[in-house]
Amino acid sequence: MPHPVPLDAPEVVEGVVDHLLYVSYDERTVLRLTAVTGDEEGITAVGRALFGVRPGESLRLHGNWVHHPRHGRQFRAEQCERTMPADERAIRFYLGSSMIRGIGPVLASAIVDVFGEQTLKVIDADPQRLLEVHGIGQIRLGRITAAWQEQKAIAEIMVFLQGLQITPALAVKIYTTYADTDDDPMRIVRRTPYRLCRDVRGVGFINADKIALAVGIPKHSDARLQAALLHELDQAGANGHCHLPVRLLIARTRQLLTDDDPASVEILDDAVLRQALAALHGQGEVVIETLPLPVLDGTDALTDTEIAMLPHRHRDETQLASHVRRLLTSTPALSGLAPWAEHVAALTGAETAGLTDEQHKAILTALTRPLSILTGGPGCGKTHTLQTLVDLAEQADAVVALAAPTGKAAKRLEETCGQPAMTVHRLIRPADGDSLFDHASVLETADLVIIDEASMLDLALARRLFAALRDGCHLLLVGDTDQLPSVGPGRVLRDLLDVEGIPRTRLTKVFRQLDEGAAITLNAHRILRGERPREDPKVFWNRPVSSAEDIAERVVDLVCELMPKHFGAGPEDIQVLCPGKKNVAGMTDLNLRLQQRLNPPSDDRPQHYHGGAAFRLGDRVQQVRNNPHRGETGVFNGSSGSISAVDTETHQLTVTFHDGEVATYPFIDLDELVHAYALTVHRSQGSEYPYVIVPMVSAAGMMLLQRNLLYTAVTRARHGVMLIGQTDAVERAIANNRTQRRNTALTHRITHDPAAV
DNA sequence: AAATTATG
């Protein structure tokens with residue numbers, strides 16, 4: 001028997017670019033290719049690796065075939081090499097595409113008719129011979145040779161950049177960024193390499209610096225210092241900050257520039273770096289302001305602080321602030337619609353018994369005030385409150401729009417409120433006229449917009465959301481500020497709560513967990529206060545284990561044997577939640593171990609290998625991308641279920657999700673799934689499980705071991721929590737509340753109207 | 001070190 005070839009091994013496709021179909025803002029490129037390999041002629045290829053290619057270019061693509069629900073079979077390119085067109089057909093395309101001004105398909109064909117496969121050799125070595133072709137005179141000859149020289153220039157720059165360990169893909173991108181400008185790419189790379197950080201996505205300070213030092217740009221040049229400052233500001237954003245205090249920015253930049261160059265410490269003093277920063281400010285590349293901001297030392301006293309910001313973040317923050325003010329002062333659309341206070345008071349009827357005073361207040365506020373916030377931890381009745389609010393509003397013929405920052409949260413919201421919900425991105429998508437579902441119309445008519453899981457709103461998304469709301473439209477933000485912060489910079493929900501004029505309700509009464517899981521809630525609050533959780537014989541356990549290897553082993557035993565034996569909980573009731581993916585006690589390894597024990601290979605369990613793991617009948621899996629076209633009503637990022645069928649004949653498997661959705665996956669689409677025996681805490685946000693096991697290893701690193709992360713993990717559990725691992729990892733996580741310290745000035749900007757000064 | 005959305 002021949003060794004089975006994994007079906008998802010990278011494949012190679014060669015062809016000539018016919019035309020571009022689409023290029024997204026983030027460089028994802030879709031194009032049509034005339035293939036010179038395989039049996040298919042016309043191929044659709046997709047990928048960011050394709051960014052910058054032009055019609056007529058010959059490509060060799062490495063990647064995989066995938067099936068797109070709307071556009072059918074297509075090639076997902078991971079890598080893209082430029083090749084010299086080899087056969088006649090390819091050369092015809094190459095010359096006949098718009099690459100050379102003055103040569104169209106007809107003339108290209110004429111040239112190839114004369115020289116055949118030798119065409120390119122002729123153009124390179126003996127261009128005068130082109131005059132033999134009918135229709136080519138000196139002018140066209142000149143153009144052709146010039147275009148050819150350009151091709152050679154590409155080759156030259158590629159060799160140069162790859163010599164500096166710049167990947168071929170990035171080298172192509174650098175070249176194509178400048179290819180259509182009047183500048184000579186090689187000249188830019190050699191003379192002003194730090195420009196690349198700004199112009200080419202994917203080139204950061206580190207790469208630009210490599211090039212710069214190689215071409216002899218002085219280490220203390222202004223360009224280098226400025227690039228380093230911008231890099232540090234950018235990095236701060238990746239860590240959630242909207243700005244950096246200038247003093248901190250200077251200190252970090254100096255560290256970046258002198259870390260492996262101690263000799264420069266004296267030269268790169270404060271004054272030098274401040275001067276470089278001032279220059280950036282002068283060029284409009286950095287905004288510098290002095291604002292009264294809280295000192296992040298726990299006292300929260302306001303101190304005049306000089307801060308630096310990237311201009312787009314400054315714009316987002318100031319615009320969001322002014323939209324918040326606009327909303328706060330607008331006349332609420334629902335105000336005349338119904339006697340809301342009476343309606344809400346009438347809710348004390350029997351059928352809604354259980355609605356607390358705070359829930360009443362939240363509902364009335366949302367109906368009467370243009371902007372309000374509803375917060376509360378898990379189990380405090382946010383869902384019930386929302387259901388009642390939506391019903392009440394709709395009974396009065398108000399138009400309600402529901403949305404959330406993630407697909408999964410939107411789906412959940414839709415289910416609990418019994419009416420359509422969407423991602424915030426879709427809600428605010430501008431009307432494009434020919435779209436079948438014109439989401440923009442929703443916001444044009446909406447009277448009340450409810451955003452669930454609002455703690456996940458980052459600065460940029462919040463700005464776009466607020467800007468899209470018409471005057472008078474009510475906005476209710478619902479969330480739990482103690483959960484993990486947004487991926488992008490900012491801490492919008494917390495900042496809004498710091499604005500006194502914004503009405504808010506905090507739901508404190510916990511309904512769930514009262515009897516059996518009370519210790520979980522109590523411990524969650526201890527963690528938030530920075531205290532160690534207390535053991536509880538029935539629901540909260542702490543198992544000190546010191547080596548990571550032992551932790552991994554114990555976790556598997558707990559899931560497969562100990563917890564089922566002691567608590568009668570089946571392994572399916574237990575969710576392992578890891579801080580990180582890597583290391584032995586991380587998500588990836590634990591998934592393999594748990595799969596091996598809970599669902600081992602066997603003859604009656606067909607399977608398929610994909611991405612280093614077997615997808616086997618019975619496996620627990622989770623979807624990791626929104627796919628509205630999969631299954632009956634779409635499958636969303638975060639949904640989990642189990643593999644209910646594997647068909648090795650038709651190369652597809654079926655997943656039955658916990659929400660009842662049944663979806664089919666061709667094997668080539670298995671990128672959309674991960675095993676879910678163990679998940680990261682981040683991915684568990686918004687879900688709950690009967691029992692949760694959290695392996696704690698200090699190897700996960702301080703960036704991960706945070707108070708909010710532990711809080712989020714613990715609050716996912718309804719009946720029981722097991723913290724297993726290194727005691728110091730638990731303690732350090734509890735002590736680490738740096739997520740709360742994101743630098744933002746949003747609160748200040750809302751409360752201090754510059755126009756009023 | 002982890003993670004969101006979306007596009008023909």
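Protein chains get the first letters and strands the later ones, always in sequence-line order, with residue 1 at the start of each.
- Every residue meeting the side-chain contact (heavy atoms from CB on, under 4.5 Å) condition with A:Ala745, not counting sequence neighbours, appears here in chain and number order: A:His243, A:Leu291, A:Leu293, A:Glu317, A:Arg749.
- Nucleic acid contact for A:Gly407: sugar-phosphate only, since backbone atoms but no base atoms lie under 4.0 Å from a heavy atom of the residue.
- Salt-bridge formation is detected for the pair A:Arg201/A:Glu27: a Lys NZ or Arg NE/NH1/NH2 atom is positioned less than 4.0 Å from an Asp or Glu carboxylate oxygen.
- Contact check of residues 30-37 of chain A against DNA chain B (heavy atom, cut-off under 4.0 Å) returns A:Val30.
- Across the protein-nucleic acid pair, A:Ile451 atom CD1 and B:dT5 atom P stand 14 Å apart, rounded to whole Å.
- Of the candidate nucleotides B:dT5, B:dT4, B:dA2, B:dA2 has the atom lying nearest to any side-chain atom of A:Leu704.
- In this structure, A:Ile428 places its CD1 atom 11 Å from C1' of B:dA6, rounding to the nearest Å.
- We find that CG of A:Leu457 is positioned 19 Å from P of B:dA3, with the value rounded to whole Å.
- Of the listed nucleotides (B:dG8, B:dA6, B:dA2), B:dG8 has the atom at the smallest distance from the side chain of A:Gln74.
- The closest side-chain donor-acceptor pair between A:His62 and A:Glu81 falls under 3.5 angstrom.
- Looking at heavy-atom distances under 4.0 Å, A:Glu453 makes no contact with the nucleic acid at all.
- For A:Arg426, a side-chain nitrogen or oxygen approaches OP1 or OP2 of B:dA6 to under 4.0 Å.
- Within 4.0 Å of A:Asn627, counting heavy atoms only, lies no atom of the nucleic acid at all.
- Put simply, A:Arg464 has no side-chain N or O that comes within less than 4.0 Å of OP1 or OP2 on B:dT5.
- Of all the heavy atoms in A:Arg412 and A:Glu453, the pair that sits closest is NH2-OE2, 2.9 Å.
- The side chain of A:Val487 lies closest to B:dA3, out of B:dA3, B:dA1, B:dG8.
- Both tests pass for A:Arg73 against the ring of A:Trp65: distance under 6.0 Å to the centre and angle within 45° of the axis.
- Close to B:dA6, at under 4.0 Å from its OP1 or OP2, lies a side-chain N or O of A:Thr423.
- Listed nucleotides: B:dA1, B:dT4, B:dA3. Nearest to the side chain of A:Thr406: B:dT4.
- Between the side chains of A:Asp480 and A:Ser455, not a single donor N or O lies within less than 3.5 Å of an accepting N or O.
- Distances shorter than 4.0 Å separate none of the side-chain N or O atoms of A:Ser486 from OP1 or OP2 on B:dT4.
- Nearest-nucleotide positions on DNA chain B for A:Val46 and A:Pro405 put A:Pro405 closer to the 5' end.
- Atom CG in A:Leu459 sits about 15 Å away from atom C1' in B:dT4, given to the nearest Å.
- Side chains of A:Gln623 and A:Asn637: no donor on one and acceptor on the other come within 3.5 Å.
- For A:His425, taking side-chain heavy atoms from C-beta onward, the closest of the listed nucleotides B:dG8, B:dT5, B:dA3 is B:dT5.
- Side-chain contact of A:Ser486 with A:Arg491: a donor-acceptor pair under 3.5 Å is absent, judged by distance alone.
- Distance CZ (A:Phe636) to C1' (B:dT4): 15 Å, rounded to an integer number of Å.
- What separates CD of A:Gln685 from P of B:dT4 is a distance of 9 Å, to the nearest Å.
- For B:dA3, one of the phosphate oxygens OP1 or OP2 lies less than 4.0 angstrom from a side-chain nitrogen or oxygen of A:Lys581.
- A salt bridge is defined here as a Lys NZ or Arg NE, NH1 or NH2 lying under 4.0 Å from an Asp or Glu carboxylate O, and A:Asp316 with A:Arg463 meets this definition.
- For the pair A:Arg625 CZ and B:dA3 C1', the interatomic distance rounds to 14 Å; values are reported in whole Å.
- Candidate nucleotides B:dT4, B:dA3, B:dA1 were compared by shortest atom distance to the side chain of A:His682, and B:dA3 ranks first.
- For A:Arg491 and B:dA3, the CZ to P distance is 23 Å, given to the nearest whole Å.
- Within 4.0 Å of A:Asn637, counting heavy atoms only, lie sugar-phosphate atoms of the nucleic acid but no base atom.
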